[in-house]
There are 2 protein chains.
Amino acid sequence: MNISQAAKLSGLSVKTVRYYADIKMVEPARNIQSGYRSYSNDDVAKLNFIGKARRFNFSIEECRELLSLYRDKNRSSKEVKKLTLAKIASIDEKLKEFHSLRDELSHLVDCCNGDDRPSCPILDELSK
Amino acid sequence: MNISQAAKLSGLSVKTVRYYADIKMVEPARNIQSGYRSYSNDDVAKLNFIGKARRFNFSIEECRELLSLYRDKNRSSKEVKKLTLAKIASIDEKLKEFHSLRDELSHLVDCCNGDDRPSCPILDELSK
DNA sequence: TATAAAGTCTCCAGTTACTGGAATGTAAAG
DNA sequence: CTTTACATTCCAGTAACTGGAGACTTTATA
């Protein structure tokens, strides 16, 4: 199938699918006459896999790794679990950061009158 | 003072401080002889302000806006509050996303044996 | 005073994961 | 046969820096 069909089936944009071909993540066959990319069902499965992993916040490089683990019949589930646990840990860190950020900001907002006068504890805090 | 001193006082890297000069956020005077950037205490105060706002997850453009509000003696605290509330809302969205991501991933991890066998529900999920 | 080391300058490239657009070529529909 | 839709490549831009090269100035050491 052509690229737009593959894109539709995988829920990705044509641009993104072409990008994945460029970076050698999913390299489809080529139609010799037209030069058009020609996607197999297997290619689409890979695109799906990558799309999902990206939605799970795995980076492109991590996707590459997961994909090769997926293709490797001798891999151990241990390896995949390790990758996923590391990902969870990094998400936890981000969560912690954002939580404290949020708390600090909302504290500042609570202290700010939000009226037409210039006095503003938010700016005061930023300038300290 | 020279750039490295300004960087040290503001807790930013020299590269970053030079970058802020390039994008016209904090434009120091120049030493005519050497061409070196020459930072005043006020420049350093601006750098501090920006550094803090960046740590509060405000973008460069938002920092620019906050900085001009800070400098504007006629501003209303309402404007600043509005910007901050919008920032909190966007952080909340990110928090929600990351939370559900985390939950899904940790559910997958719980289902995965993590042993030397290839069977792995994490990869199974990604390939669905 | 000569030289070495440290600090600074500008400019270019790379990072991440795409996205938009131009110019051009191919395929399908009317 | 022409219009339209889809495809191709290549270049540039995004956000906010960071790293490095090559050249110049200032400061410290011998």
Side-chain angles (χ1 to χ4, degrees), chain A residues 1-40 43-44 46-67 87 90-91 94 97 101, chain B residues 1-40 43-44 46-67 87 90-91 94 97 101:
Chain A
M1 68 191 84
N2 282 344
I3 196 167
S4 62
Q5 177 74 357
K8 184 181 283 177
L9 289 178
S10 60
L12 301 171
S13 76
V14 169
K15 277 278 186 187
T16 299
V17 174
R18 201 174 279 127
Y19 173 70
Y20 289 164
D22 287 348
I23 64 172
K24 294 166 198 315
M25 280 247 288
V26 179
E27 296 181 279
R30 292 281 187 154
N31 180 319
I32 313 247
Q33 334 272 328
S34 62
Y36 285 12
R37 290 177 181 83
S38 177
Y39 287 83
S40 67
D43 291 329
V44 172
K46 280 194 198 175
L47 289 173
N48 259 314
F49 184 96
I50 295 163
K52 213 158 209 178
R54 291 284 302 128
R55 262 168 267 133
F56 275 118
N57 202 244
F58 286 100
S59 71
I60 289 288
E61 282 317 305
E62 286 167 330
C63 286
R64 232 186 258 281
E65 205 169 338
L66 284 170
L67 200 55
K87 178 61 31 181
S90 89
I91 290 175
K94 281 217 181 89
E97 274 175 50
L101 210 57
Chain B
M1 69 191 83
N2 282 345
I3 196 168
S4 62
Q5 177 74 356
K8 184 181 279 179
L9 288 178
S10 60
L12 301 172
S13 77
V14 168
K15 277 279 186 186
T16 300
V17 173
R18 202 174 280 127
Y19 173 70
Y20 289 163
D22 287 348
I23 64 172
K24 296 167 197 314
M25 280 246 289
V26 179
E27 295 180 281
R30 291 283 187 153
N31 179 320
I32 313 246
Q33 332 273 326
S34 63
Y36 284 13
R37 291 178 180 83
S38 178
Y39 287 82
S40 67
D43 291 331
V44 172
K46 279 194 198 175
L47 289 173
N48 259 314
F49 184 96
I50 296 163
K52 212 157 210 177
R54 292 285 302 128
R55 261 169 268 132
F56 275 119
N57 204 244
F58 287 100
S59 71
I60 288 289
E61 283 317 306
E62 287 167 329
C63 286
R64 233 186 258 279
E65 205 169 339
L66 285 170
L67 201 54
K87 178 62 29 182
S90 90
I91 289 175
K94 281 218 179 86
E97 274 175 49
L101 209 57

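A note on names: the letters A, B, ... follow the listed sequences, proteins ahead of strands, and every chain is numbered from 1.
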Rounded distance (Å) that lies between atom [atom2] of [N] and atom [atom1] of [X]:
X	N	atom1	atom2	answer
B/Y19	D/dT14	OH	P	10 Å
A/M1	C/dA27	CE	P	18 Å
B/N31	C/dG7	CG	P	17 Å
A/Q5	C/dA27	CD	P	18 Å
A/E61	C/dC18	CD	C1'	15 Å
B/K15	D/dC17	NZ	P	13 Å
B/N2	C/dG7	CG	P	11 Å
A/D22	D/dC11	CG	P	13 Å

Exercise. With the threshold set at 4.0 Å, does a side-chain nitrogen-carboxylate oxygen contact exist between B/E61 and B/R64?
Worked result: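 Here B/E61 pairs with B/R64 in a salt bridge, since their nearest N and O are under 4.0 Å apart.
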Exercise. Starting at the 5' end of DNA chain D, which residue's closest nucleotide do you reach first, B/F58 or B/Q33?
Worked result: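 Per heavy-atom nearest nucleotide, the more 5' residue is B/F58.
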Exercise. Could you go step by step and tell me if B/M1 and B/L9 meet the side chain to side chain contact (heavy atoms under 4.5 Å, CB included) rule?
Worked result: CA-CA 10 Å; B/M1 69 191 83; B/L9 288 178; 3.7 Å; yes
Exercise. Hey, is the main chain of B/E62 close enough, under 3.5 Å, to the side chain of B/E65 for a donor-acceptor pair?
Worked result: no
Exercise. Between the side chain of B/R18 and the main-chain N/O of B/D22, is any donor-acceptor distance below 3.5 Å?
Worked result: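 Answer holds: no.
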For this session: State, to 0.1 Å, how close B/I50 and B/L67 come at their nearest heavy-atom pair, and which atoms those are.
Result: CD1-CD2, 4.0 Å
Does the side chain of [X] get closer than 4.0 angstrom to OP1 or OP2 of [N] through an N or O atom?
X	N	value
B/S13	D/dT18	yes
A/S59	C/dT16	no
A/R18	D/dA7	no
A/S34	D/dT8	no
A/R37	D/dT9	yes
B/Y20	D/dC17	yes

For this session: Would you mind classifying the nucleic acid contact of B/I23 as base, sugar-phosphate or nothing, using non-hydrogen atoms under 4.0 angstrom?
Result: nothing
Problem set entry | Side chain of A/I60 - closest among D/dT26, C/dT10, C/dC18 | C/dC18
Problem set entry | Nearest-nucleotide pick for A/R30, side chain only, options being D/dT26, D/dT8, D/dC17 | D/dT8
